[in-house]
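Below is one structure, written out as structure tokens; the observations come after it.
What you see below is based on every heavy atom in this structure, not just the backbone, and it leaves out hydrogens, waters and symmetry mates. Letters go in sequence order (proteins before strands), and every chain restarts at 1.
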Protein chains: 2
Amino acid sequence: MNDKERRSMPLFSIGIVIKLTELTARQIRYYEENNLIHPERTTGNQRLFSFNDVDKLLKIKSLLDRGLNIAGIKLLLEEEKDLPKAQGKSELSDKELRSILRNELNEAGRYGKASLRQGELSRFFRN
Amino acid sequence: MNDKERRSMPLFSIGIVIKLTELTARQIRYYEENNLIHPERTTGNQRLFSFNDVDKLLKIKSLLDRGLNIAGIKLLLEEEKDLPKAQGKSELSDKELRSILRNELNEAGRYGKASLRQGELSRFFRN
DNA sequence: TCTTTTATGTGAGGAAACCTAACATCAATT
DNA sequence: AATTGATGTTAGGTTTCCTCACATAAAAGA
């Protein structure tokens with residue numbers, strides 16, 4: 001099992017993810033509804049989240065805090081997904097995407113006590 | 001949050017642990033009853049396991065497969081726990097402990113498909 | 001060999017956690 | 001003023017988990 005597989009293993013119930021991210025169940029389900037995340041399901045239809053999912057949720061939270069909306073976040077996440085690959089022609093209006101990408105690239109967020117900081121989750125992994 | 005804390009974070013429901021270890025719920029609860037593991041609980045009294053717990057369960061499974069009984073495994077686990085510290089006087093009969101430790105030290109186990117191999121869990125961590 | 005212990009299976013009854021769907025709300029747009 | 005976007009809340013139902021009790025087969029002990 002390599003690192004990529006480990007990061008995408010379905011491991012966490014929504015209750016844990018709520019604690020790790022300090023998002024509400026409603027928020028998490030809404031983001032799934034809007035195709036920002038795609039957690040697996042148990043045979044009984046309950047969500048099972050991977051490290052990647054939690055990581056993405058922390059990123060979503062961070063971007064929401066900085067004023068992005070769901071549509072913008074979706075663009076950003078898709079952009080990131082495509083980065084390793086062809087970066088030439090995106091179907092989506094290039095102006096929008098750029099205007100979103102500007103202003104959003106750096107910045108560290110300060111969070112509450114019990115939750116994970118965005119990026120901290122990577123510490124779970126060797127690579 | 002350091003590695004030690006990460007490894008002991010309560011993260012997994014028993015359902016996940018069953019899949020990761022290929023133990024039954026009955027077995028896992030029995031090992032807890034015999035103080036081999038001490039998973040946390042939710043406010044609603046449901047077990048939450050850490051990476052350390054899962055790791056320990058994989059080790060328990062491996063040792064059971066090799067013929068040890070619960071008492072022997074408990075001695076072994078306590079031995080390991082004390083290794084970093086004082087290794088001088090153990091309250092428990094030294095002959096027993098040695099006789100158990102002999103024959104049990106090496107060996108790799110070959111497991112089924114979907115479960116983790118003992119030791120593989122450490123790959124989740126940087127350190 | 002007979003009895004006890006060990007490790008695990010199984011099932012009942014109940015509680016916790018999760019599910020979807022619907023409606024409410026409030027701020028930001030239009 | 002009306003719509004949209006993001007989230008809260010509640011209801012009714014399902015899944016997962018809990019403890020406790022009893023069953024059982026194999027191993028250990030007498």
| A/Ile28 CD1 to C/dA17 P, straight-line distance once rounded to whole Å | 15 Å
| request: Could you check A/Thr42 against B/Arg41 and say which one's nearest nucleotide on DNA chain D is further toward the 5' end? | output: A/Thr42
| remark: Taking every heavy atom of A/Leu77 against every heavy atom of A/Leu36, the minimum-distance pair comes out as CD1-O, 4.1 Å
| task | Can you tell me the distance, in whole Å, between the CD atom of A/Glu33 and the P atom of D/dA6? | result | 11 Å
| said: Distance check needed: D/dT16 P versus A/Ile16 CD1, whole Å only. | reply: 16 Å
| field | Non-neighbouring partners of B/Thr24 that pass side chain to side chain donor-acceptor pair (under 3.5 Å), sequence neighbours left out | value | B/Gln27
| message | Please encode protein proximity along nucleotides 6-13 of chain C as a string of B, S and -, counting only heavy-atom distances under 4.0 Å. | response | SBBBB---
| message | Output the rounded distance in Å from CD (B/Gln46) to C1' (C/dA16). | response | 5 Å
| Minimal non-hydrogen separation, A/Pro39 against A/Leu48, with atom names | CB-O, 3.6 Å
| query | Between atom CG in A/Leu36 and atom C1' in D/dA6, what is the gap in whole Å? | reply | 12 Å
| task | Please report, rounded to the nearest Å, how far the P atom of D/dG8 is from the CG atom of A/Leu23. | result | 9 Å
| task | Quick one: closest heavy-atom pair of B/Leu58 and B/Leu116, and the distance? | result | CD2-O, 3.6 Å
| Can A/Asp53 and A/Lys56 be counted as an ion pair, charged N to O under 4.0 angstrom? | no
| Below 4.0 angstrom from OP1 or OP2 of C/dC19, is there any side-chain N or O of A/Arg47? | yes
| task | Could you tell me the separation between the CG atom of A/Asn45 and the C1' atom of D/dG13, rounded to a whole number of Å? | result | 12 Å
| message | With a 4.0 Å cutoff (strictly under), does any side-chain N or O of A/Ser13 reach OP1 or OP2 of D/dT16? | response | no
| said: I'd like to know if the side chain of A/Asp65 pairs up with that of A/Ser62 as donor and acceptor (distance under 3.5 Å, no hydrogens or angles considered). | reply: no
| said: Between P on C/dC19 and CD1 on A/Ile18, what's the gap in Å once rounded to a whole number? | reply: 8 Å
| Taking 4.0 angstrom as the limit, do B/Glu32 and B/Arg41 come out as a salt bridge? | yes
